[in-house]
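Below is one structure, written out as structure tokens; comments come after it.
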Amino acid sequence: MNHSQTVVNIGWLLDGSGASMQPDMQLEVRAGRICAVNSRAANEPLGFNVLDLSDHTVLPALIDSHVHLFMSATADSTVREHQLVATYAELKATIARHLDQHFENGVVAVRDGGDRYGHVLRFKQAITESAPLPVALKTAGRAWHASGRYGRLIGRSPGKGQSLSTAVAAALAPAVAIDHIKLVNSGLNSLKAFGHQTAPQFAPQEIRAVVKLARTSQLKVMVHANGVRPVREAVESGCDSIEHGFFMGPDNLKRMADHQVTWVPTAITMKAYAEQLAPASAAAATALKNYEHQLEQIAFAKRSGVRIALGTDAGSLGVRHGYAVRQELEILIMAGFALEEAVRCATYNGARLLGLDHLGTLTAGKTATFLAVPGPPEMLLQHMSQATLYSEACALGPF
Ligand SMILES: [Zn+2]
């Protein structure tokens with residue numbers, strides 16, 4: 001069979017751009033790339049193989065914009081504690097397994113938010129062309145937090161008397177190995193006091209200096225920030241994305257829309273906590289309230305035109321690598337996103353944030369990497385487990 005030219009007949013197309021779903025479409029694919037998107041012709045063009053997905057909904061393969069590959073979702077506290085201090089040799093297979101789980105769930109790219117020892121970066125650097133990863137991996141290596149504040153589990157703090165930007169610059173030299181810089185600018189959500197806010201970890205001028213440094217290395221800056229001040233100061237300092245952003249408030253959401261800062265809400269983390277913590281405990285009840293508050297913020301963000309990229313914080317308690325992307329998609333829809341808009345958060349907006357220009361939409365010029373889910377779009381979420389991933393890297397696919 002000649003694999004170089006294929007037409008894909010599609011029942012319903014969600015192209016990832018946020019445009020309305022289109023029925024009866026056809027993709028022309030040459031050498032793994034989409035060369036045309038048309039309404040379905042009565043006759044296929046001559047000389048093409050035909051892939052019949054006329055009873056499927058087709059969408060771009062998914063992207064998770066916030067994961068921690070060194071951590072598993074398990075509730076086993078022995079495992080959870082050990083993975084925080086495990087050696088590279090111990091974690092190598094775990095990281096590979098998590099990437100496989102992403103791929104099995106139709107996720108073809110992930111953005112890693114860091115680990116204490118930089119094991120994920122080491123894993124990435126050990127990848128050879130002969131055994132490529134199934135999933136595009138972008139990693140922060142080790143995140144940066146202020147000494148004595150939250151963040152030790154996913155990174156490090158500047159040395160004594162050292163400014164943040166000096167520390168970041170020293171870590172980047174002599175060669176830039178990481179894909180983005182991750183700063184931690186607040187604490188975690190409280191599971192005791194609903195809506196409790198923490199002070200920013202870094203002064204705005206320190207964040208600004210890191211953003212400036214990042215620009216010279218063509219890197220983006222992702223900032224973990226919950227609460228009004230930590231988010232406001234990170235956004236005003238020019239960061240590229242706010243991670244989590246619980247309790248940031250409406251003014252920050254409007255500010256993010258104005259500054260075109262991407263938001264990665266990771267709402268599933270609090271829903272998962274609510275489900276994993278002891279039933280009827282005060283902590284579970286607070287986690288649920290945090291989650292519900294985040295749903296309201298997501299609804300407001302949609303009305304305000306904030307660009308959201310779907311991220312899960314996979315590896316957090318009860319947040320499974322790969323599978324959680326589906327759950328976060330459902331959450332966006334529950335918050336008021338149309339299916340097309342939610343899919344855009346998990347495809348185009350993620351590809352843009354990760355700098356993966358060949359992915360994200362099913363439009364001419366992009367790679368033909370897509371999911372085919374049996375049935376019409378109304379059944380998409382229910383049938384997601386039956387999705388087939390078609391991609392260059394996948395034996396299942398025709399390309
Ligand atoms: Zn994280």
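Hydrogens, waters and symmetry mates are skipped; everything else that's a heavy atom, side chains included, is used. Whatever order the structure lists them in is the order used to number ligands and atoms, beginning at 1.
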Quiz prompt | Side-chain donor-acceptor pair present, Thr139, Asp179, cut-off under 3.5 Å | solution = no
Quiz item: Is any N, O or S atom of His66 under 2.8 Å away from the Zn ion (ligand 1)?
Solution: yes
Quiz prompt | Asp313: its N/O/S atom lying closest to the Zn ion (ligand 1) (atom name) | solution = OD1
Quiz item: Is it the case that Thr312 and Arg326 place a side-chain donor and acceptor less than 3.5 Å from each other?
Solution: no
Quiz item: Which class fits the ring pair His293 and Phe194: parallel under 30°, tilted 30 to 60°, perpendicular over 60°?
Solution: perpendicular
Quiz item: Under 6.0 Å between the ring centres of His224 and His145?
Solution: no
Quiz item: Between the Zn ion (ligand 1) and Glu243, is there an N, O or S atom separated by less than 2.8 Å?
Solution: no
Practice problem: Tell me, please, if His224 has any N/O/S atom, main chain or side chain, under 2.8 Å from the Zn ion (ligand 1)? | Solution: no
